[in-house]
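As structure tokens, the structure follows; a few thoughts come after it.
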Amino acid sequence: QVQLVESGGGLVQAGGSLRLSCAASGGTFRNYNMGWFRQAPGKEREIVAAIGWSTYYADSVKDRFTISRDNAKNTAYLQMNSLKPEDTAVYYCAADVHGGALKRIRSEYEYWGQGTQVTVSS
């Protein structure tokens, strides 16, 4: 069983930065692909970024967000710069324990954190 705990969300002004962390326990973290998703009110949960042996970014966050991981600390990160009001959402980290090619679909991630709120004011 894998447990994921996000932290680092909060309220920030447009143009500001936040760094989200996702601490994992259980299993073998280095073998997992990790993804960050977000869900705004009334909208579907969408992928933001993913990391395995490579990285993936949604077009809406390219050049502003950076996903990374520290396998020694069993932690994944999402550095968010140049934040915009449309980035406001609950952010979730997720683990794909099968590894391999990066997944972009919510249903292909087996484990999820509880989510952390990010609010960007204009």
Side-chain angles (χ1 to χ4, degrees):
Q1 190 77 4
V2 177
Q3 290 83 41
L4 303 174
V5 179
E6 301 101 335
S7 60
L11 173 64
V12 64
Q13 288 188 331
S17 298
L18 283 173
R19 188 176 83 154
L20 305 183
S21 298
C22 174
S25 59
T28 308
F29 178 78
R30 65 179 179 274
N31 293 341
Y32 305 157
N33 291 334
M34 297 297 297
W36 284 97
F37 289 73
R38 67 186 181 188
Q39 188 165 16
K43 294 190 176 181
E44 295 289 319
R45 193 172 298 186
E46 63 177 3
I47 190 165
V48 174
I51 186 168
W53 295 110
S54 60
T55 56
Y56 164 81
Y57 295 95
D59 287 344
S60 58
V61 306
K62 273 181 186 175
D63 301 323
R64 298 190 299 124
F65 290 11
T66 302
I67 190 171
S68 62
R69 64 192 298 162
D70 185 336
N71 290 336
K73 295 183 178 180
N74 289 352
T75 302
Y77 303 96
L78 186 68
Q79 177 67 43
M80 305 185 294
N81 299 329
S82 302
L83 282 161
K84 304 175 181 180
E86 50 264 44
D87 294 317
T88 295
V90 177
Y91 283 70
Y92 299 89
C93 70
D96 161 28
V97 300
H98 300 292
L102 291 180
K103 316 302 193 300
R104 305 179 186 182
I105 300 173
R106 174 181 178 179
S107 61
E108 295 190 281
Y109 287 78
E110 294 85 8
Y111 296 98
W112 292 82
Q114 81 286 355
T116 185
Q117 177 71 46
V118 172
T119 303
V120 184
S121 63
S122 57

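Numbers here are sequence positions counted from 1. Here the structure is a predicted model, which means the values were calculated and not measured.
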- Query: Should K84 and D87 be marked as a salt bridge (Lys or Arg N to Asp or Glu O under 4.0 Å) after you check the CA-CA gap, both sets of side-chain angles, and the distance that decides it?
  - Reply: CA-CA 5 Å; K84 304 175 181 180; D87 294 317; over 6 Å; no
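- Put simply, the residue from Q117, R38, Q39 that forms a side chain to side chain donor-acceptor pair (under 3.5 Å) with Y91 is R38.
- Side-chain polar atoms of E108 and H98 form no donor-acceptor pair below 3.5 angstrom.
- A side chain to side chain contact (heavy atoms under 4.5 Å, CB included) with Y109 is found for one member of K103, R104, M34 and no other, namely K103.
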Only pairs under 3.5 Å count here: list side-chain donor-acceptor contacts from residues 13-32, not counting sequence neighbours, and write none if there are none.
residue : atom : partner : partner atom : Å
S17     : OG   : N81     : OD1          : 2.9
S25     : OG   : Q3      : OE1          : 3.2
Y32     : OH   : T28     : N            : 2.9

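- Note on Y56: it does not cluster hydrophobically with Y77, by side-chain heavy-atom contacts below 4.5 Å among ILVMFWY residues.
- Between R69 and T75, every side-chain heavy-atom pair lies at or beyond the 4.5 Å cut-off.
- Both V97 and W36 are members of a single hydrophobic cluster when ILVMFWY side chains are connected at heavy-atom separations under 4.5 Å.
- By the criterion of side-chain heavy atoms lying less than 4.5 angstrom apart, applied directly or through intervening Ile, Leu, Val, Met, Phe, Trp or Tyr residues, V90 is not grouped with L4; the two fall into different hydrophobic clusters.
- Nearest heavy atom pair, residue L78 against residue V48, reads CD2-CG1, 4.2 Å.
- Rounded to the nearest 0.5 angstrom, I51 CD1 and D96 CG are separated by 13.0 Å.
- In this structure, the side chains of R64 and M80 stay at 4.5 Å or more apart for every pair of heavy atoms.
- Put simply, the side chain of N33 gets close to the backbone of G100: a donor and an acceptor are under 3.5 Å apart.
- Contact check for Y57 versus T66: side-chain heavy atoms found under the 4.5 Å cut-off.
- Pairing each heavy atom of A89 with each of A40, the nearest pair is CB-N, 3.8 Å.
- Both I67 and Y111 are part of a single hydrophobic cluster, where members link through side-chain heavy atoms under 4.5 Å apart.
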- Message: Would V120 and E86 count as a side chain to side chain contact (heavy atoms under 4.5 Å, CB included) here? Give the steps.
- Response: CA-CA 8 Å; V120 184; E86 50 264 44; over 6 Å; no
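- In terms of the ring-ring contact (aromatic ring centres under 6.0 Å, His included) criterion, Y92 has no residue partners (sequence neighbours excluded).
- Q114 places no side-chain N or O within donor-acceptor distance of the main-chain N or O of V5, the cut-off being under 3.5 Å.
- Hydrophobic clustering (side-chain heavy atoms under 4.5 Å, transitive across Ile, Leu, Val, Met, Phe, Trp, Tyr) keeps I47 apart from F65.
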